[in-house]
Amino acid sequence: MYKSDLFLVFSSLSPSEKRVFSKFLNSPFFNQKQKTLDLWDYLLKNAKFGAPAFKKEKVFESLFLGEPYTDKEMRHIMSWLLKAIEQFLAYSEYKSTPGTETLYLARAYKNRKLGKLFQKSIRRTETQLSKTQQGQDYFYNSYLVEFEKYEFAESLQRSSENNLREMNVALDKHLLISKLKQACLLRSHQSVFKTDYDFTLVELLLDFIKTSVYKNDPTIAAFHNCYLALNKEDESAFQNLKETIKHKSVLFSSKDLRILYLFSMNFAIRKLNTGDPAYPREAFELYRFGLVNDILIVDNVLSHFAYNNIVSIGLKLKEFDWLEHFIEQYKLLILPRYRESYFTYNRARIFFTKRDYTNAMKLLHQVDERDLLLNLDAKVMLLKLYFELDEYDALSSLLASFKVMLTRKKLLSYHKTHYSNIIKFTNRLLHLKPRDQKAHDKLAHDIRAAEMLQEKEWLLEQLGMVK
């Protein structure tokens, strides 16, 4: 039972949801089976004891004192309770969606031919919708409202008073936004996994939008620009999208704003990785906007990857004062299992970039070795530190142990290639003879040609110092 769907769903409920569900389950309208209540009470009282308390036989004994265990009966009770929780969750979603309850109430009044009450409920629905952002859900719900109004007018044989135009506009906007958003997701996925998708309909829609009355709708324009940026590397589309995110964010739901923001962030990072000199600043400002507006913070958590990336870009721009404040201020938003390691590692990065090698080295030795990729990155920084301090014996020892570590660890191929390249090129740099111009030029060429090598800039900088 501990691994059942029932226990999985039960474990996802918050304390407040459990309290509300207890009232829900005690209502005869939703549940008339006492054993379902008994099983719920057992879950509440014994959840803290973990797996041993949830063997089916043990639970059955508590529910049916002295009776022989029957698996069929036990499964029935579990199924009844799971169904009740699922009804509760569905009802909670229904209640939390603006306009849904009053829209369904209007439909009920329409079917009962209670015109006055129908009109009243429809007006309440429209008022609730007017307070939400105009994304695809807004236009879909607007279409449903207009559809109900149309059917009501038709039932009264008032065809001349129909609202077909409003209904058509709402549906068009919903479909355009939905298709553009989906196309953006497909393009983003395609850039990573090289999957083929059919964009024929999207391209037709793009041509339609250019000359349609919908091109100036803020949500359609935002996802249109997003798609152009992702598909055609259109920089003007990116700039338009960025300005929309920054200055018209109140028009979007938090979900849509986050999607648009992440797509614009991906565009900026890709441009940054190609070496475009304008994009470290572009990406950095987008990250700061995401922090200030809580777009990067989900459930009061900041991803440790985002934390790392922000420091990486800030270091390129030498934003030391801001970074020192940032790593301290946002440390507590990192999940506990990553918090100290990522804080320590990024403090070391700041010290290293400021050439405070003594403090950088102290911190690097404190990085948690259990986080493999972070530990590898710490070793890369230590490697660079030894090289710049001319600690060649320590560097040779580190390179050797680093290589052994890579052969022993089961890493993703990309990471293994990246770190192997750092070791290989640092070794070649270490053994490069002065005044050997041919070897110097060959090494410079190979570093620039390497595809999986994030330390190109540092290696070329050190190579330039070899005379």
Would you list the atom pairs, donor with acceptor, under 3.5 Å between side chains in residues 245-255 and any protein atom, with sequence neighbours excluded?
from: His247; atom 1: NE2; to: Glu243; atom 2: OE1; distance (Å): 3.0
from: Ser253; atom 1: OG; to: Asp256; atom 2: N; distance (Å): 3.1

Can you give the donor-acceptor pairs under 3.5 Å from side chains of residues 299-309 to other protein atoms, not counting sequence neighbours?
from: Ser303; atom 1: OG; to: Phe305; atom 2: N; distance (Å): 3.0
from: Ser303; atom 1: OG; to: Ala306; atom 2: N; distance (Å): 3.4
from: Tyr307; atom 1: OH; to: Ile327; atom 2: O; distance (Å): 2.7
from: Asn308; atom 1: OD1; to: Asn346; atom 2: ND2; distance (Å): 2.9
from: Asn309; atom 1: ND2; to: Phe305; atom 2: O; distance (Å): 3.4

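For the ring-ring contact (aromatic ring centres under 6.0 Å, His included) test with Phe21, the passing option among Trp40, Phe30, Phe10 is Trp40; the others fail.
The existence of a salt bridge linking Lys149 and Glu166 is excluded, since no basic side-chain nitrogen approaches an acidic carboxylate oxygen closer than 4.0 Å. A salt bridge is defined here as a Lys NZ or Arg NE, NH1 or NH2 lying under 4.0 Å from an Asp or Glu carboxylate O, and Arg281 with Glu319 meets this definition. In summary, Lys384 and Glu388 do not engage in a salt bridge, as defined by a charged side-chain N under 4.0 Å from a carboxylate O.
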Could you check Tyr342 against Asp368 for side-chain hydrogen bond (donor to acceptor under 3.5 Å, both in side chains), going step by step and ending with a plain yes or no?
CA-CA 9 Å; Tyr342 278 78; Asp368 190 346; over 6 Å; no
Steps toward salt bridge (charged side-chain N to carboxylate O under 4.0 Å, His left out) verdict (Glu282, Lys271):
CA-CA 10 Å; Glu282 289 278 13; Lys271 296 288 282 187; over 6 Å; no
Glu328 vs Arg347, test: salt bridge (charged side-chain N to carboxylate O under 4.0 Å, His left out). Steps then yes/no.
CA-CA 9 Å; Glu328 188 70 49; Arg347 282 188 69 209; over 6 Å; no
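Separation of the Phe54 and Phe49 ring centroids does not fall under the 6.0 Å cut-off.
Between Asn375 and Met405, some side-chain heavy-atom pair lies under the 4.5 Å cut-off.
With hydrogens and angles ignored, the 3.5 Å screen pairs no side-chain donor or acceptor of Asp276 with any backbone N or O of Leu272.
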